[in-house]
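Reviewing the structure listed below.
Just follow the structure's listing: the first ligand is 1, and inside any ligand the first atom is 1. Numbers for residues simply follow the sequence, beginning at 1.
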Amino acid sequence: MTQSDKNSRHQKAMAKQKASVDASIEAASTERGVAILLTGNGKGKSSSAFGMVMRALGYGYKVGVVQFIKGEQLSGEEIYLRDHCPQVDFYQMGTGFTWDTQDRSSDIAAARTTWERASAMLADPAYHLVVLDELTYMLAFDYLPEADVIDALAGRPPEQSVVVTGRGGGSALQDIMDTVSEVKDIKHAFNSGIKARRGVDY
Ligand code: ATP
Ligand code: MG
């Protein structure tokens, strides 16, 4: 095949793809906030959520972030939001990982207090985007009543988007989300003995 044949073939394929993309864009007619679940065992859930925080901030929207599990080490995005983004309402459960604290009743109390902050954001139309990082573990450990969480997510203001991250999450949660993406663990550097990297993993 000559170069010109290749170019002409590519041009036809792209025109076809454009027609199909344009038709899908035309067909999408509903304008409202979306509920997104980022789940799965691979790396990329929280960092994707913080990518959406940047997108929302780029347009000057109000953002709320609630983290349900926090290690001792602050992550780069946490430091950045704290020091440079006073417009982001940021709240951390702050008890550390549940397998570190090993104290179920104090974890439950902390989860409930943290949930009060999250549910207040989910009821406030001023927030364009709310990130509930690692929320799924609170459901998996039964620290929060699933029905309350689902009601608050489903009943949020129509213009508000919400991003939930964490492994698992259960089918009731998946059912009420508009977008569910599973990050698959094909390989991770940690399993080859490479240490978690500052600025990349935290
Ligand atoms: P990230 O914050 O990097 O987007 P994540 O939110 O998808 O990761 P978490 O389960 O919250 O994943 O874990 C966060 C930390 O654990 C990160 O340092 C990440 O690199 C690491 N991690 C994520 N997935 C794996 C994995 N499959 N094996 C080992 N470490 C992992
Ligand atoms: Mg995460």
**Prompt:** Would you say the side chain of Thr114 lies within less than 4.5 Å of the side chain of Val66, judging by non-hydrogen atoms?
**Reply:** yes
**Prompt:** Does any non-hydrogen side-chain atom of Leu139 lie less than 4.5 Å from one of Val149?
**Reply:**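 Yes, close enough: below the 4.5 Å cut-off.
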**Asked** Quick one: does atom 14 (C) of ligand 1 have a protein heavy atom under 4.0 Å from it?
**Response** no
**Any protein heavy atom nearer than 4.0 Å to atom 6 (O) of ligand 1** =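 It does: a protein heavy atom is found less than 4.0 Å away from atom 6 (O) of ligand 1.
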**Message:** Tell me the nearest of Glu77, Arg197, Arg167, Lys45 to atom 12 (O) of ligand 1, using heavy-atom distances.
**Reply:** Lys45
**Request:** Determine, considering heavy atoms only, which of Lys184, His188, Glu134 sits nearest to atom 28 (N) of ligand 1.
**Result:**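 Of the listed residues, His188 has the closest heavy atom.
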Could you check whether [X] pairs with [Y] (Lys NZ or Arg NE/NH1/NH2 to Asp/Glu carboxylate O, under 4.0 Å)?
X: Arg197; Y: Asp201; value: no
X: Lys45; Y: Asp133; value: no
X: Arg117; Y: Asp89; value: no

**Asked** Nearest protein heavy atom to atom 3 (O) of ligand 1, by residue and atom, and its distance?
**Response**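 Going by distance alone, atom 3 (O) of ligand 1 is nearest to Lys43 NZ, 2.6 Å.
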**Message:** We want to know whether Gln67 and Glu134 form a side-chain donor-acceptor pair, criterion being a heavy-atom distance below 3.5 angstrom.
**Reply:**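 Gln67 vs Glu134: no donor-acceptor pair found between side chains.
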Taking distance alone, with N or O pairs closer than 3.5 Å, would you say [X] contacts ligand 1?
X: Asp201; result: yes
X: Gly44; result: yes
X: Ser46; result: yes

**Request:** For the Mg ion (ligand 2), decide whether Ser46 has an N, O or S atom at a distance under 2.8 Å.
**Result:** yes
**Asked** Between His128 and Tyr61, what is the ring plane arrangement, given parallel below 30°, perpendicular above 60°, and tilted in between?
**Response** parallel
**Asked** Relative to the heavy atoms of Gly42, which atoms of ligand 1 are at a distance of less than 4.0 Å?
**Response** 7 (O), 24 (N)
**Asked** In Glu134, what N, O or S atom is nearest to the Mg ion (ligand 2), if we give its atom name?
**Response** OE2
**Asked** Does Thr165 come within less than 4.0 Å of ligand 1, judged by its heavy atoms?
**Response**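 For ligand 1, residue contact (heavy atoms, under 4.0 Å) with Thr165 is absent.
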**ligand 1 versus Asn41: contacting region, heavy-atom distance under 4.0 Å** =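 The answer is the backbone of Asn41.
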